[in-house]
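Excluded from the calculations below are hydrogen atoms, water molecules and symmetry mates; all remaining heavy atoms, backbone and side chain alike, are included. Along the sequence shown, the residues carry numbers beginning at 1.
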Amino acid sequence: MDEIETEVVVAGAGPTGLMLAYELALAGVETLVLEKLPQRIEQVKGGGIQPRTAELLESRGLLEPLLRRATPREPVGGHFAALPVPLDCTPWRTRHPFPIAIPQWELEEVLEEQATAAGARVLHGAAVSGVEPGDDRVVVTAGDLRVRARYLVACDGGHSTVRKLLGLPFPGRPGTRQAVLADIRLSAVSPLVPRRIGHISSLTRQADGYWAMLVPLGGDRYRITFGRTDRAGADRDTPVTDEEIIAGLHAVYGPETSLGAVDNASRFTDATRQLEHYRVGAVLFAGDAAHIHPPLGGQGLNLGIQDAFNLGWKLAATVQDRAPGGLLDSYHAERHPVGAQVLHHTSAQRVLADPDPSEDVAALRDIFADLLRLPDANRHLAGLMSGLSLRYELPGDHPLTGQRVPDADLVADAGPTRVSALFGAGHAVLLDLAGTVPAGLRLPPRVDLVRATCADDLGAAAMLIRPDGYVCWAADGPAASGDALLAAIAVVGIAER
């Protein structure tokens, strides 16, 4: 058996694991990703990037290569419970107010390219089969490979092998409804088949005991999600047959809609579960390995990528012995409530989106749609579903503390720039907008001082922004060089080694 050592092992090369590998490698952490599949499956799956995730990816220079692979869609907002009222993200001051459609496998391909270019290693066909946790080390077995590392991060999905090997409970509710997700090719289409990706309410239909959502991907390629309104369905592990897909297509889109080929197909349920603790000693959990929920509103992929952004810089600081006590535990403290909130609102959406609603639920849908047409209600749910309204509970009295910083235009010493362009190196940024930070202030190497002006009011004269884009300290005046700033620098774990 081969034995190797690394600083961090990541189990799973999905979007969460690859995003985390990139963040760690960017910080100079030796990272090995173990992926059980010998090669990537070209599957659309999640297929959508929410506005806040787009902002984070842009802050690392990763959005542009993804946009080149994106599937064309109408410039329309997201949804809550598939109600026919688009969510308007423009009040949240974002450059990306609409979801971005991209097949998950293409997202993974770009993230893997970038992670390996930054120095991470990815081994395909390496299924984790053993985990031996210790107080300050963990040993991971994958086939004939034995890996010793300081930390293991499980990003291996809702059926996480790591979670099962450690015997950790995954409390929550089992699924009550089952559906099929398939990437297909159509050889003929009826007028009922959508021609372009628009708002979800224009892509969903039901008829003859079936509900379905058909998403055009270009040419003859489509992604179909469907099920029976009477909740009937095969066993979760039963392979999906062509005949089953044809029955759903004909019921909802007419017999003139013909199946040409099935690229891949699987079943899923609306189960809702969440780990009680995202960290167990030297083992951490992120993405679906930590939380699963009904796939309503395009939350899962985005929740996992944002887990990785929160965890990456904290784990890097811990591995490199420059983190204060408790920094790594703040990952659970900050992200567990976010996951719980997504489980909460997707449970509400499950009721409203029932394809066979009772008379009472139908009335509730009508009332809720009317509420969504009110600007304040729409803004609230748009911020919730897009991730733009997320605020962490961080120490400090300034109103900006814990909030994201909008991607405003700046004029720095080197010329015009944007807030998002300041974070390509994965460092924290001390942004001085009023000349209040003294020239002699000494900062650690991983804190970049940027002096700039901004035509927009960002809400403070100076602010310290974490590597994941959230304000951890701000001041309105000359207090920019005070003890609170130095304390904030220490708290975020970016002090010199």
Side-chain angles (χ1 to χ4, degrees), residues 16 46-54 56 77-89 91-92 94 97-99 158 170-177 179 199-201 204 213 225 268-276 278 286-288 290-307 310 332-355 357 360-393 402-404:
T16 303
I49 298 173
Q50 292 282 8
R52 180 54 183 157
T53 306
L56 291 168
H79 71 94
F80 186 86
L83 294 170
V85 183
L87 298 178
D88 181 10
C89 288
W92 291 101
T94 179
F98 310 121
F170 201 29
R173 294 186 298 178
T176 60
R177 184 180 292 278
H199 191 260
I200 190 173
S201 59
T204 55
M213 179 174 66
T225 309
F268 66 92
T269 74
D270 58 354
T272 297
R273 300 183 183 278
Q274 185 178 30
L275 273 177
E276 294 179 352
Y278 285 9
D288 288 353
H291 41 69
I292 59 171
H293 52 81
L296 289 161
Q299 299 294 291
L301 179 151
N302 295 272
L303 187 60
I305 288 179
Q306 292 181 42
D307 283 348
N310 185 284
H332 167 86
E334 292 179 2
R335 294 302 298 175
H336 192 277
V338 176
Q341 184 181 55
V342 171
L343 267 64
H344 187 65
H345 71 65
T346 51
S347 293
Q349 291 182 75
R350 174 169 49 189
V351 175
L352 290 169
D354 192 327
D360 291 344
V361 171
L364 181 63
R365 282 178 57 87
D366 290 341
I367 295 295
F368 216 97
D370 287 340
L371 290 173
L372 275 177
R373 295 183 178 97
L374 301 176
D376 286 348
N378 193 294
R379 179 182 184 275
H380 171 73
L381 287 178
L384 185 70
M385 298 297 289
S386 65
L388 295 170
S389 64
L390 172 61
R391 179 175 184 170
Y392 292 123
E393 294 297 325
Q403 294 192 29
R404 65 179 258 279

What side-chain donor-acceptor pairs closer than 3.5 Å can you find for residues 362-373, not counting sequence neighbours?
{"unit_1": "R365", "atom_1": "NH1", "unit_2": "L352", "atom_2": "O", "d": "2.5"}
{"unit_1": "D370", "atom_1": "OD1", "unit_2": "R373", "atom_2": "NH1", "d": "3.1"}
{"unit_1": "R373", "atom_1": "NH1", "unit_2": "A369", "atom_2": "O", "d": "3.4"}

Original post:
Just by modelled atom types, is the D88 backbone N or O under 3.5 Å from a matching donor or acceptor in the N378 side chain?
Top reply: yes
Original post:
Do R177 and D270 sit within salt-bridge range, that is, some charged N less than 4.0 Å from a carboxylate O?
Top reply: no
Subject >> Derivation of the side-chain hydrogen bond (donor to acceptor under 3.5 Å, both in side chains) call for H345 and Q341 >> reply: CA-CA 6 Å; H345 71 65; Q341 184 181 55; 5.8 Å; no
Subject >> Closest contact, heavy atoms only, C89 versus T94 >> reply: O-CG2, 3.7 Å
Subject >> For M385 against L296, the heavy-atom pair lying closest together >> reply: CE-O, 4.2 Å
Original post:
Does P99 have any side chain to side chain contact (heavy atoms under 4.5 Å, CB included) partners at least two apart in sequence or in another chain, and if so, which?
Top reply: Q50, R73
**OP:** State the CG-CZ distance between L390 and R52, to the nearest 0.5 angstrom.
**Re:** 8.0 Å
Original post:
Does H293 use its side chain to pair, donor to acceptor, with the backbone of H344 at less than 3.5 Å?
Top reply: no
Original post:
Would you find a donor on one side and an acceptor on the other, under 3.5 Å apart, between the side chain of T53 and the backbone of I49?
Top reply: no
**OP:** Looking only at non-hydrogen atoms, find the nearest pair between P337 and E334 and report the distance.
**Re:** CD-O, 3.5 Å
**OP:** Taking all heavy atoms of F268 and all of P295, pick out the closest pair and write down the distance.
**Re:** CE1-CG, 3.4 Å
Original post:
Shortest non-hydrogen contact from L381 to L87?
Top reply: O-CD1, 4.0 Å
Subject >> A286 versus T16, closest heavy-atom pair with distance >> reply: CB-CG2, 3.8 Å
Original post:
Counting N and O atoms only, with roles assigned by atom type, does the side chain of H199 sit under 3.5 Å from a partner on the main chain of G78, one being a donor and the other an acceptor?
Top reply: yes
